[in-house]
Amino acid sequence: MVTLETIVAFTKRRGFVYPTSEIYGGIANSYDYGPYGAELMKNIRDLWWKTFIQQRPNMVGLDSQIIQHPTTWVASGHVGSFSDPLVEDKKTHKRYRADHLIDAWVKGYMSTTRVDPSKSDPVLDVAINKIAKATVESMDMKEMAEFIKLCKITSPDGNELTEPKPFNLLFETELGTVAGEKSKVYLRGETAQGIFANFKQITDSCRVKLPFGVGQIGKSFRNEITQGQFVFRTFELEQAEIEYFFDPEHSDWHELLEAWKTDMMRFVTNTLGIHAENLRWRRHTDKERTHYSKETFDLDYHFPFGWKELWGLAYRTDFDLMAHMHHSKKSLEYVDSATGRKFVPHVIEPAVGVNRLFLMALVDAYVQEDLGEGKSRTLLRLKPSLAPVKVAVFPLQKDERLRTLAQSIYRDLAQDVVTEFDDAGNIGKMYRRQDEIGTPLCVTVDYSSLEEKTVTVRDRDTMKQERIPIDALHQYVLQVIRT
Ligand code: GAP
């Protein structure tokens with residue numbers, strides 16, 4: 001498998017991903033998408049939207065704001081959960097409240113030593129006694145750090161922890177222009193909450209009936225403490241999330257989860273063309289599930305740094321709608337038009353990061369192909385529908401007549417597909433350059449083109465060439481790139 005270092009260097013060199021603000025020395029956990037990266041991101045976004053929003057009968061789209069009423073994040077639990085002393089599992093990068101871990105560890109220690117006093121340790125006893133006189137919550141960061149170290153407290157997965165920090169995952173900012181009258185708001189930590197907050201407006205204004213889903217794509221922001229995972233984990237991320245609402249009395253959530261698992265897997269393998277052997281489902285244990293979820297599965301991809309979550313699928317019950325009802329004091333109940341029954345729908349949430357789909361697509365498509373005789377080529381075997389550039393057009397030689405014809409072919413194709421024109425001259429180099437960025441087709445205009453009105457079309461993967469009449473070229477290209 002390709003290494004992350006190779007992908008990072010490749011994507012920078014070939015205009016896919018640049019470190020953000022590099023001219024100023026960069027900024028942690030942030031990346032900009034170059035010309036080819038922007039096209040690839042757009043293709044992924046468009047395919048997701050088409051598949052899950054436009055092609056399904058029971059789905060609608062939404063585009064809610066990054067800055068929402070701050071109570072949104074109180075209701076969702078983000079403000080409460082993320083302003084506590086957090087520690088991070090150094091291996092899995094899962095975060096935990098330091099006070100909760102300490103609490104659980106103390107309880108475990110006490111019950112063990114009660115049963116078997118020989119297992120007690122006088123040093124630990126003194127430390128525990130100190131806490132017992134106050135409370136865990138009253139410990140400051142330094143005390144917590146010392147306690148975790150002294151008692152060798154690990155994460156629930158048994159891994160070492162980082163030092164606790166007063167850490168808030170939400171980015172804060174202020175609204176208003178007058179100092180002193182500004183109000184604190186947050187950049188959204190997930191796109192999901194915009195969907196819950198608009199639930200009533202959608203049911204009131206659109207003809208939707210349960211079960212139905214609302215999806216949206218947009219930027220979310222997280223003050224991540226982990227670094228060095230390239231676009232896998234960033235401060236600014238783009239999420240594609242669906243909240244699929246249903247009546248728990250009429251739909252079985254186990255069946256819905258299974259149906260969504262099938263659809264998610266089909267999208268990744270068929271629509272994005274990812275190798276199935278690099279994917280797996282992983283069920284969350286009871287311990288690791290988030291507070292709002294009754295069941296969670298991760299669709300993991302085998303990234304260069306191991307199996308990692310690509311796409312989450314959670315049964316969030318009615319947690320969010322209930323929480324927003326409670327905080328807004330507005331009814332978010334759904335009325336069954338057939339029976340008049342009022343209830344709060346439950347929800348299943350498939351949530352994915354577009355940036356992770358992007359990284360997966362690159363890693364999965366990257367190939368170093370041995371061409372024999374000491375020659376090799378770098379190739380992005382992307383599905384044509386994902387490729388940033390669909391077709392490149394070259395004149396075979398620097399001849400004005402060839403150039404003019406090649407440019408008119410370029411202009412015609414560019415009306416419908418992303419097309420590049422290159423007249424650098426060395427045909428071998430021009431092919432290699434397009435192979436590297438994953439361009440499925442290259443069109444070469446030669447002297448026969450002037451007389452016979454045909455061009456050579458070269459296939460990226462097989463490197464086979466065929467002559468196609470110029471007047472059939474446009475249709476031919478459209479057909480290939482639809483695959
Ligand atoms: N609404 C549920 C939610 O936000 P999550 O597991 O925290 O759940 C959903 O995020 C998806 O968003 C993840 O599966 C992952 O693909 C992506 N994601 C989360 N944090 C990310 C980050 N810091 N950088 C890039 N992608 C991220």
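Just so you know, ligand 1 is whichever comes first in the structure, and atom 1 is the first atom listed for that ligand.
Contact annotation: for Ala192 versus ligand 1, heavy atoms closer than 4.0 Å belong to the side chain alone. Proximity of Gln229 to ligand 1, defined as any heavy-atom pair under 4.0 Å, is not found for any part of the residue. If you look at Thr191 next to ligand 1, there are no close heavy atoms at all, none under 4.0 Å.
With ring centers used as reference points, Tyr33 lies 6.0 Å or more from Phe16. Phe10 has its ring centre less than 6.0 Å from the ring centre of Tyr366. The distance between the ring centers of Trp307 and Tyr301 does not fall below 6.0 angstrom. Taking the ring centroids of Phe230 and Phe232, they lie at or beyond the 6.0 Å cut-off. You'll find the ring centres of Tyr186 and Phe171 outside the 6.0 Å limit.
The closest protein non-hydrogen atom to atom 23 (N) of ligand 1 is Glu224 OE2, 2.8 Å. Nearest non-hydrogen protein atom to atom 25 (C) of ligand 1 is Phe232 O, 3.1 Å. In this structure, atom 24 (N) of ligand 1 lies nearest to the protein heavy atom Thr234 N, 3.0 Å. Considering only non-hydrogen protein atoms, atom 11 (C) of ligand 1 sits nearest to Ala351 O, 3.6 Å. In this structure, atom 6 (O) of ligand 1 lies nearest to the protein heavy atom Glu309 OE2, 3.3 Å. Nearest non-hydrogen protein atom to atom 15 (C) of ligand 1 is Arg356 NH1, 3.3 Å.
Contact atoms of ligand 1 toward Gly312: 14 (O) (distance under 4.0 Å to a heavy atom of the residue). Annotation for ligand 1: atoms under 4.0 Å from non-hydrogen atoms of Arg316 are 1 (N), 2 (C).
Using a non-hydrogen distance threshold of 4.0 Å, Phe235 does not register as a contact of ligand 1.
When the heavy atoms of Glu349, Glu238, Arg222, Arg233 are ranked by distance to atom 20 (N) of ligand 1, first place goes to Arg222. When His78, Arg188, Glu241 are checked for heavy-atom proximity to atom 3 (C) of ligand 1, Glu241 turns out nearest. Considering Asn29, Asn223, Leu237, Asp298 only, the shortest heavy-atom separation from atom 27 (C) of ligand 1 involves Leu237. When Glu190, Lys308, Gln239 are checked for heavy-atom proximity to atom 10 (O) of ligand 1, Gln239 turns out nearest.
Salt bridge annotation for Arg222-Glu236: absent, with no cationic side-chain nitrogen under 4.0 angstrom from a carboxylate oxygen. Taking the charged nitrogens against the carboxylate oxygens, Lys142 and Glu146 do have a contact shorter than 4.0 Å, which makes a salt bridge. Salt-bridge annotation for Arg341 and Asp247: present, with a side-chain N of the basic residue lying under 4.0 Å from a carboxylate O of the acidic one.
Relative to the six-membered ring of Trp49, Arg56 misses at least one condition, a distance below 6.0 Å or an angle of at most 45° to the axis.
In summary, the side chains of Glu420 and Gln434 do present a donor paired with an acceptor at a separation below 3.5 Å, with no hydrogens or angles considered.
Close N/O approach between Asn355 and ligand 1 is not found [any backbone or side-chain N/O within under 3.5 Å]. Backbone and side-chain nitrogen or oxygen atoms of Leu310 are examined, and one is located within less than 3.5 angstrom of a nitrogen or oxygen of ligand 1.
The backbone N or O of Gly194 lies less than 3.5 Å from a partner atom in the side chain of Asn198, making a donor-acceptor pair.
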